Protein chains: 2
Amino acid sequence: MTLTDLRYLVALARERHFGHAAERCNVSQPTLSVAIKKLEDELAVTLFERSAADVKITDIGARIVAQAEKVLLEAGQIKELATAGRDPLSGPLKLGVIYTIGPYLLPHLIPRVHAAAPSMPLLIQENYTVRLAESLKRGDLDVIVVALPFEEPGIVTQAVYDEPFRVLMPAGHAWEQEASISAKRLAEAPLLLLGAGNCFRDQVLEVCPLCRSGEGLQRTLEGSSLETIRHMVATGAGITVLPSSAADPLPDGNPLLTVRPFEAPEPFRRIALAWRVTYPRSGAIDVIRSAILGSPLPGVRPVTR
Amino acid sequence: MTLTDLRYLVALARERHFGHAAERCNVSQPTLSVAIKKLEDELAVTLFERSAADVKITDIGARIVAQAEKVLLEAGQIKELATAGRDPLSGPLKLGVIYTIGPYLLPHLIPRVHAAAPSMPLLIQENYTVRLAESLKRGDLDVIVVALPFEEPGIVTQAVYDEPFRVLMPAGHAWEQEASISAKRLAEAPLLLLGAGNCFRDQVLEVCPLCRSGEGLQRTLEGSSLETIRHMVATGAGITVLPSSAADPLPDGNPLLTVRPFEAPEPFRRIALAWRVTYPRSGAIDVIRSAILGSPLPGVRPVTR
DNA sequence: AGCAACGATAGTGATTAACTATACAACGCT
DNA sequence: AGCGTTGTATAGTTAATCACTATCGTTGCT
């Protein structure tokens with residue numbers, strides 16, 4: 001029993017004439033005859049009473065035809081679903097973002113994605129890189145925004161932008177006089193850092209290896225966020241390092257904080273999109289990338305590669 | 001897209017492993033791989049993300065799988081319907097009976113059919129032979145009980161029993177003294193007859209050709225029934241001829257009527273079943289035939305042919 | 001009786017669906 | 001880092017199926 005057979009069946013039930021039904025199905029009359037006979041054999045019931053005068057459907061035949069129509073209707077729905085789902089920009093996209101990007105990127109990203117793909121709602125999760133990676137591989141997320149390096153089997157990454165680091169200090173700090181800060185000198189100051197698990201913490205420590213050993217000068221704030229650290233810096237608890245997207249908007253109207261760039265070579269992080277190699281909605285990813293690059297993130301440099 | 005493809009699809013969705021799904025479908029892994037790919041091409045959507053680690057279903061894939069399950073469920077119902085309808089003794093049987101048999105046969109027939117085939121309710125129609133024939137050919141009836149001769153294209157008949165005719169007269173009638181009546185003498189008496197269209201009327205006139213011409217002696221009662229005629233005979237309005245099944249039960253406890261057989265050769269009618277050659281429920285016909293022969297119809301002789 | 005209409009059957013070719021064997025990709029392990 | 005393992009895709013072949021044309025058989029009609 002195939003869907004084609006069922007189509008022949010309902011056509012014959014409607015036409016009550018093998019020739020006409022065959023014509024309507026764009027097949028020859030013998031084709032339809034054989035198909036109906038095969039169906040009858042398979043079901044072991046007589047569906048039609050054939051005679052020269054006309055074709056009569058049996059009681060059981062009528063019931064089976066009604067059911068066949070239901071099957072064909074439901075089968076048609078599959079094509080409808082496929083057509084509706086063909087657009088990569090339709091249906092929700094599960095997006096993951098690391099903590100040190102989310103608050104600065106998402107307010108710009110969300111309206112831009114909505115404008116570009118109105119029928120693609122974003123389901124957003126903020127988390128650590130490792131958690132995002134797990135969710136991505138498991139299929140709980142479709143695309144994630146992380147900092148490089150990020151190497152995972154089965155995952156492809158695409159760099160989107162580079163973002164320089166900035167030094168954030170309380171207004172009136174001694175370094176305020178300098179136009180740029182050398183990375184080495186971070187070890188001299190009480191440096192406020194995010195807790196373990198935040199990739200940005202590791203990247204900062206990489207910038208200033210001395211900070212790792214120069215204990216006492218550095219304070220790790222477990223379970224905290226860049227925003228919390230920013231407030232602590234404002235109260236004079238120490239200095240910190242922020243990505244430009246978080247640091248550069250600050251001084252405007254915030255008299256308690258001062259931002260300074262690093263001396264060249266400026267340390268930076270490279271932000272990338274990552275998704276499963278097998279993920280089929282590449283169009284959706286393009287939209288995300290464009291929306292990120294279209295967001296006003298101060299200091300960032302697009303990676304054109 | 002075939003039902004087989006859909007079965008492969010839901011199997012893969014359940015197993016999330018091409019090999020296992022193939023095994024469950026009793027096909028090879030490449031068969032399943034190719035079928036899924038073909039489906040994806042046809043629908044122009046990616047249903048699964050394949051990777052070495054595992055097989056993930058896409059959003060659209062999950063929706064389509066759900067729909068495919070619905071289709072398969074409905075398709076399964078077709079087989080259920082066929083199985084249920086395979087029994088020729090299940091489902092209603094549309095039975096037609098001529099007026100001159102119905103009242104005498106049906107009270108016996110109905111309980112016997114119900115006992116032999118409890119799930120085959122009888123939908124009964126009484127009518128003239130010609131009307132029954134039309135309905136039978138049109139499919140409004142499945143089987144009819146008529147008197148022979150009955151020849152119709154596309155209709156087969158099977159004789160069931162012969163039924164002798166009887167003379168019915170009021171008690172005290174002159175012929176009461178005789179053991180049997182000669183058919184010729186019917187023309188002498190006021191003969192009450194059914195209206196045109198009743199085959200039994202024609203058969204009686206055939207028994208006694210003189211009655212046709214010997215006008216005045218005969219009265220046609222349009223729109224009447226044998227039962228009405230019986231009552232008229234009881235009131236002395238004339239005599240009549242009845243089939244034995246209608247006549248023989250009468251004298252018991254009816255002092256107003258007398259029944260006499262005809263002289264040999266006894267005139268009789270042959271009662272038969274008729275159905276479309278194409279009618280598939282021969283088992284149902286057998287049940288009807290057996291039930292008729294099992295009914296206590298006085299005077300009838302089964303036709304064993 | 002012959003004809004016309006219609007469905008069934010026979011025979012043939014093309015498509016498809018299944019198989020086995022094997023290639024290819026990705027991951028994990030020593 | 002190479003190698004084995006696991007898992008899916010591909011190649012090539014065979015068998016089954018589907019649909020065609022041609023024709024037959026039946027039935028009802030003129």
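Treat the numbers as computed from the prediction; the structure is a model and nothing was measured. Note on naming: letters A, B, ... go to the chains in the order of the sequence lines (proteins, then strands), and numbering restarts at 1 for each one.
In this structure, B/Arg7 places its CZ atom 10 Å from P of C/dA18, rounding to the nearest Å. Put simply, CZ on B/Phe18 is 15 Å from C1' on C/dA26, counting in whole angstrom units. Atom C1' of nucleotide C/dA5 and atom NE2 of A/His17 are separated by 8 Å, given to the nearest angstrom. Following rounding to the nearest Å, B/Ile36 (CD1) and C/dA18 (C1') show an atom-to-atom distance of 15 Å. Remark: P of D/dG28 and CD of B/Glu151 are 12 Å apart, rounded to the nearest angstrom. Atom pair B/Glu40:CD and D/dT10:P shows a separation of 11 Å (rounding to whole Å applied). What separates CG of A/Asp5 from C1' of D/dT17 is a distance of 11 Å, to the nearest Å. One can place CG of A/Asn26 at 18 Å from P of D/dC18, the figure rounded to the nearest angstrom.
Using a 4.0 Å cut-off between charged nitrogen and carboxylate oxygen, A/Arg86 and B/Glu42 do not count as a salt-bridge pair. Ion pairing of A/Asp54 with A/Lys56 is present here, as a side-chain N (NZ or NE/NH1/NH2) and a carboxylate O approach within less than 4.0 Å. The residues B/Lys38 and B/Asp5 are annotated as salt-bridged, a charged nitrogen and a carboxylate oxygen being separated by less than 4.0 angstrom. Between A/Arg138 and A/Glu152 there is no salt bridge, since no side-chain nitrogen of the basic residue lies less than 4.0 Å from a carboxylate oxygen of the acidic one.
In the set D/dA19, D/dT8, C/dA8, D/dT8 carries the atom at the smallest distance from any side-chain atom of B/Ser33. Proximity note for B/Arg50 (side chain, C-beta onward) versus D/dT8, D/dT10, C/dA8: the nearest is D/dT8. In this structure, of C/dG7, D/dT8, C/dA17, it is C/dG7 that holds the atom nearest to the side chain of A/Val55. Distances were taken from every side-chain heavy atom of B/Lys37 (C-beta onward) to each of C/dA18, C/dA8, D/dT10; the shortest belongs to D/dT10. Of all nucleotides listed (D/dC18, C/dA18, C/dG7), C/dA18 comes nearest to the side chain of B/Thr31. The side chain of B/Val34 has D/dT10 as its nearest neighbour among D/dT10, D/dT8, C/dT9. In this structure, the nucleotide among D/dT8, C/dC19, D/dT21 sitting nearest to the side chain of A/Pro30 is D/dT21. Of the listed nucleotides (C/dG7, C/dC19, D/dT21), D/dT21 has the atom at the smallest distance from the side chain of A/Ser28. Of the candidates D/dC20, C/dA8, D/dA9, the closest approach to any side-chain atom of A/Val27 belongs to D/dC20.
Using a 4.5 Å cut-off on side-chain heavy atoms (C-beta onward), B/Asp142 and B/Leu95 make no contact.
Counting non-hydrogen atoms under 4.0 angstrom, A/Tyr8 reaches the backbone sugars and phosphates but no base. No engagement by A/Asp54 is indicated, since no non-hydrogen atom pair under 4.0 Å with the nucleic acid exists.
Taking the nucleotide of DNA chain C with the nearest heavy atom to each of A/Gly19 and B/Ala35, the more 5' of the two is matched to A/Gly19. Heavy-atom nearest nucleotides on DNA chain D were determined for B/Ile155 and for A/Thr4, and the one closer to the 5' end corresponds to A/Thr4. Projected onto DNA chain D by closest heavy-atom contact, B/Glu152 and A/Lys38 fall at different nucleotides, the more 5' of which corresponds to A/Lys38.
Within the 3.5 Å criterion, the main-chain N or O of A/Arg14 finds no donor-acceptor partner in the side chain of A/Arg16.
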